[in-house]
Amino acid sequence: MVAGKVSAAVPNGIRPDGSGAIWNLEAETMSPEARERLQLERLQAVVRWAAARVPFHRERLGAAAPHELGDLAGLPFVRKADLREQYPFGLLAVPRDQLARVHASSGTKGKPTVVAYTAEDLDVWREVMARMMTAAGARRGDLLHIAFGYGLFTGGLGFHDGAERIGMTVVPVSSGNTARHQLLLQDFRPDAIAATPSFALHLAETLAEQGSAPRELGLRVGMFGAEPWTEGIRAALERAFGLRAFDIYGLSEIIGPGVAGECGARAGLHIADDHFLPEIVDPVSGAPLPPGREGELVLTTLTKRAMPLVRYRTGDITTLTLGPCACGRTSARMARIKGRSDDMLVVRGVNLYPSEVESTLLGMEELVPHYQLVLDRGTTLARLEVQVEPSPELVARCGGFSAEHPEIVMLRRRAAERLQRAIGLSIELTIVAPRTIPRAEGKAVRVVERG
Ligand code: DLL
């Protein structure tokens with residue numbers, strides 16, 4: 001069996017005033033030495049477990065037996081393409097009838113990627129989600145409005161199960177149907193909301209359009225994730241709703257949401273690294289990079305039974321920090337995700353992530369936090385255009401939207417200059433009419449290709 005003790009359902013780190021609560025004191029504050037010992041023990045077990053039970057892993061891992069954590073770097077990577085090739089159940093390490101649940105990615109490019117859980121795996125998932133939500137300040141008895149999609153996507157059910165473990169009251173609204181969200185937010189007055197940051201902004205915008213003030217809903221905690229977002233979006237969400245916004249990260253292949261999340265110090269996301277072992281590698285060469293260097297996050301599941309993965313290439317770009325955090329947790333932390341390596345655009349030889357455009361533009365109060373990068377590959381030199389919308393206040397001041405209005409023309413010039421200074425590229429920028437950029441109900445689409 002893979003070593004994997006799951007903590008009791010009762011939180012043991014909650015201070016009487018509820019501040020700075022830690023769900024699992026033992027696991028989240030263990031000493032670095034104890035953490036490394038546990039990680040090595042679990043790594044050895046998972047490598048044995050995967051090689052003994054899954055032909056795909058056996059062929060690649062052979063008789064590998066890591067003696068120290070550093071030996072991990074000698075093992076082969078697993079990629080998303082491997083999951084597709086093994087569709088649907090080729091990577092299972094347990095008989096199919098021992099699965100408690102299956103999830104899958106949306107599969108926009110061909111077959112979906114299937115992931116599977118035993119009952120123990122679901123228990124680990126609930127545990128890590130309870131940790132992350134507690135770190136964000138969610139408490140037993142809080143009412144939680146879940147706006148992540150339910151179904152094969154891991155967002156809805158992941159938050160749902162973790163919230164039930166904490167003892168929250170769950171409202172499983174799921175994604176879509178903005179009018180229903182508005183009604184329930186106004187009538188139920190939840191303490192907390194879980195959503196993609198872009199959908200939450202959309203909710204704030206539509207509420208304001210109908211004359212109600214999102215701040216008056218009384219939301220205290222926002223838990224956001226499933227797509228890259230920046231400090232600019234955080235500020236916009238906190239301003240709109242008057243809540244504190246926390247970043248929660250995860251991916252279906254590893255477990256779903258709950259791989260990492262921010263605490264009250266908001267100095268990086270704590271990784272549940274007693275269950276998921278992180279590494280950073282050079283996205284091109286795959287060579288391991290030291291803490292503090294930016295690169296691609298690679299994760300190894302230390303306790304998953306149904307579908308263990310050793311050295312899974314997440315495609316997500318971040319950095320790791322190992323130092324202690326003010327909150328008392330001792331896990332490794334990762335910086336907020338800059339983007340996916342496959343979302344990186346190369347514009348006239350310069351690497352560019354949509355999040356860099358976002359963090360530059362969102363500091364401007366005449367713009368709203370909805371933008372899109374339109375890439376035209378129809379021309380010989382790929383052309384990039386940034387589209388962004390003006391704030392309703394500015395449009396009202398101009399007496400309606402017109403791209404030729406002097407204030408809009410000036411705003412366009414200033415925004416383009418700001419981008420040029422920050423990114424070092426002159427990029428075509430267009431201020432488009434309010435509501436032109438599509439609002440997503442799930443993950444926002446930041447880059448669209450034309451031509
Ligand atoms: O998006 C799981 C999730 C649901 C996480 C709800 C957080 C909240 P997938 O659909 O498999 O799973 O997509 C995983 O989404 O590799 C990242 O590229 C991106 N992603 C997830 N969380 C964040 C985040 C879920 N907090 C992919 N910041 C990952 C940036 C994120 N990107």
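One-based numbering, in listed order, for ligands and for the atoms of each. The chain is numbered in sequence order, starting from 1.
The pair Arg165-Asp123 meets the salt-bridge criterion, since a charged nitrogen lies less than 4.0 angstrom from a carboxylate oxygen. Here Arg435 does not pair with Glu389 in a salt bridge; the nearest charged N to carboxylate O distance is not below 4.0 Å.
A search for side-chain hydrogen bond (donor to acceptor under 3.5 Å, both in side chains) contacts involving Glu356 returns nothing, not counting sequence neighbours. Not a single side-chain hydrogen bond (donor to acceptor under 3.5 Å, both in side chains) links Arg189 to another residue, sequence neighbours left out.
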Tabulate below the donor-acceptor pairs under 3.5 Å that side-chain atoms of residues 364-373 make, not counting sequence neighbours, or state none.
{"residue": "Glu366", "atom": "OE2", "partner": "Arg414", "partner atom": "NH2", "Å": "2.8"}
{"residue": "Tyr371", "atom": "OH", "partner": "Glu358", "partner atom": "OE1", "Å": "2.6"}
{"residue": "Gln372", "atom": "NE2", "partner": "Val445", "partner atom": "O", "Å": "3.1"}

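For the residue pair Ser212 / Gln186, a side-chain donor-acceptor distance below 3.5 Å is found, with atom types taken as modelled.
Using a heavy-atom distance under 4.0 Å as the criterion, the protein contacts of ligand 1 are Phe148, Phe153, Thr154, Gly155, Phe159, Gly225, Ala226, Glu227, Pro228, Asp247, Ile248, Tyr249, Gly250, Leu251, Ser252, Glu253, Pro257, Asp316, Ile337, Arg340, Lys443.
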